[in-house]
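Position 1 is the first residue of the sequence, and the numbers go up from there.
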Amino acid sequence: MKQIVVYTDGACKGNPGPGGWGVLLQMGSIEKELCGGELQTTNNRMELMAVIQALTALKKDCHVKLFLDSEYVRKGITEWIHNWKARGWRTAAKKEVKNEDLWRQLDALVLQGGHQIDWRWVKGHAGDPGNERADALANRGVDMALGLL
């Protein structure tokens with residue numbers, strides 16, 4: 001299995017407001033950058049979208065070291081999702097899971113993708129070069145959504 005390092009990030013100008021997602025894929029010396037955005041969204045949706053876009057970009061099964069600064073996404077996919085699904089996509093407080101559509105997409109990618117994913121949290125805006133690049137890509141995604149690029 002090929003080894004790939006992935007950094008993802010989401011950004012939002014206002015929450016809700018215009019937002020963007022960014023992905024940095026690294027396999028050895030090869031790098032690929034992805035970004036996009038939406039006019040009306042939330043930061044959590046963009047964090048989820050970044051991971052979804054990253055995994056969608058992988059065409060063959062990989063061992064993925066995925067770095068993200070969102071505990072919402074990391075804990076959601078590694079801990080909370082099992083109970084959400086068991087409760088019919090409800091929280092412990094019996095409320096609808098926010099962003100269920102994106103959680104379902106991510107869940108399907110993880111379960112059907114064949115990737116071995118090592119979910120790693122990294123502190124955002126703390127100087128990690130991969131995270132800083134993913135953040136810059138997410139902000140570029142906001143600019144794209146606003147028609148500035």
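- Between the side chain of E132 and the backbone N or O of G127, at least one donor-acceptor pair lies under 3.5 Å.
- In this structure, M1 and H63 approach most closely via the heavy-atom pair SD-N, 3.7 Å.
- For residues 103-127, the salt bridge (Lys or Arg N to Asp or Glu O under 4.0 Å) pairs, not counting sequence neighbours, are K85-D107, E100-R104, D118-R120.
- Residues V64 and Q116 fail the side-chain proximity criterion, which asks for heavy atoms closer than 4.5 Å.
- Note: Q53 CD to L25 CG = 10.5 Å, rounded to the nearest 0.5 Å.
- Scored by the side chain to side chain donor-acceptor pair (under 3.5 Å) test, Q26 finds E31 as partners (sequence neighbours excluded).
- Counting only heavy atoms from C-beta outward, the side chains of W121 and E71 approach each other to under 4.5 Å.
- Within the 4.5 Å cutoff, no side-chain heavy atoms of L24 are placed close to those of N131.
- Shortest non-hydrogen contact noted between S70 and V73 is OG-N, 3.1 Å.
- Listed by chain and number, the residues in a side chain to side chain donor-acceptor pair (under 3.5 Å) with Q40 amount to none (sequence neighbours excluded).
- The backbone N or O of K95 lies less than 3.5 Å from a partner atom in the side chain of T91, making a donor-acceptor pair.
- Taking CD of Q105 as the reference point, atom CD1 of I52 lies at 4.5 Å (rounded to 0.5 Å).
- The heavy-atom pair separating C35 from M144 by the smallest distance is SG-SD, 3.5 Å.
- Here the side chains of D135 and L137 are not in contact, with every heavy-atom distance at 4.5 Å or above.
- Atoms CE and OG1, from M49 and T56 in turn, are 9.0 Å apart once rounded to the nearest 0.5 Å.
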V23 and E33: CA distance, side-chain angles, deciding distance, side chain to side chain contact (heavy atoms under 4.5 Å, CB included) verdict:
CA-CA 6 Å; V23 175; E33 296 178 337; over 6 Å; no
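- Across every non-hydrogen atom of G20 and M46, the tightest pair is O-CB, 3.2 Å.
- Every residue two or more places apart in sequence or in another chain that forms a side chain to side chain donor-acceptor pair (under 3.5 Å) with W103 is listed here: Y72.
- In this structure, the side chains of D143 and N139 stay at 4.5 Å or more apart for every pair of heavy atoms.
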Under the side chain to side chain contact (heavy atoms under 4.5 Å, CB included) rule, what do R90 and E96 come out as? Steps first, then yes or no, please.
CA-CA 5 Å; R90 298 274 180 208; E96 291 181 6; 2.7 Å; yes
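- Note on L34 and V5: separate hydrophobic clusters, where clusters join Ile, Leu, Val, Met, Phe, Trp and Tyr whose side-chain heavy atoms are under 4.5 Å apart, directly or indirectly.
- Other residues sharing the hydrophobic cluster of L148, ordered by chain and number and joined by side-chain separations under 4.5 Å: L39, V142, L146.
- Counting heavy atoms from C-beta outward, K98 and N44 have side chains that stay 4.5 Å or more apart.
- Summarising the geometry of T8 relative to A54, their closest heavy-atom pair is CG2-CB, 3.9 Å, with the distance given to 0.1 Å.
- If you chain together hydrophobic residues whose side chains sit under 4.5 Å apart, L68 and V122 never meet in one group.
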Can you check side chain to side chain contact (heavy atoms under 4.5 Å, CB included) on L102 and R45, steps first, answer last?
CA-CA 7 Å; L102 297 181; R45 287 189 69 80; 3.6 Å; yes
CA sep, side-chain torsions, deciding dist, call: R74, D69, side chain to side chain contact (heavy atoms under 4.5 Å, CB included)
CA-CA 8 Å; R74 189 185 68 81; D69 62 10; over 6 Å; no
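- Applying the ring pair (Phe, Tyr, Trp, His ring centres under 6.0 Å) test to every pair with at least one member in residues 6-62, sequence neighbours left out, gives these pairs: Y7-F67.
- Atoms CG and CG, on N99 and L48 in that order, are 5.5 Å from each other to the nearest 0.5 Å.
- Side-chain contact between L66 and H115 is absent, with no heavy atoms from C-beta onward closer than 4.5 Å.
- The two residues C12 and G17 make their nearest non-hydrogen contact at SG-O, 3.7 Å.
- Side chains of L106 and I81 form no contact here, defined as non-hydrogen atoms less than 4.5 Å apart.
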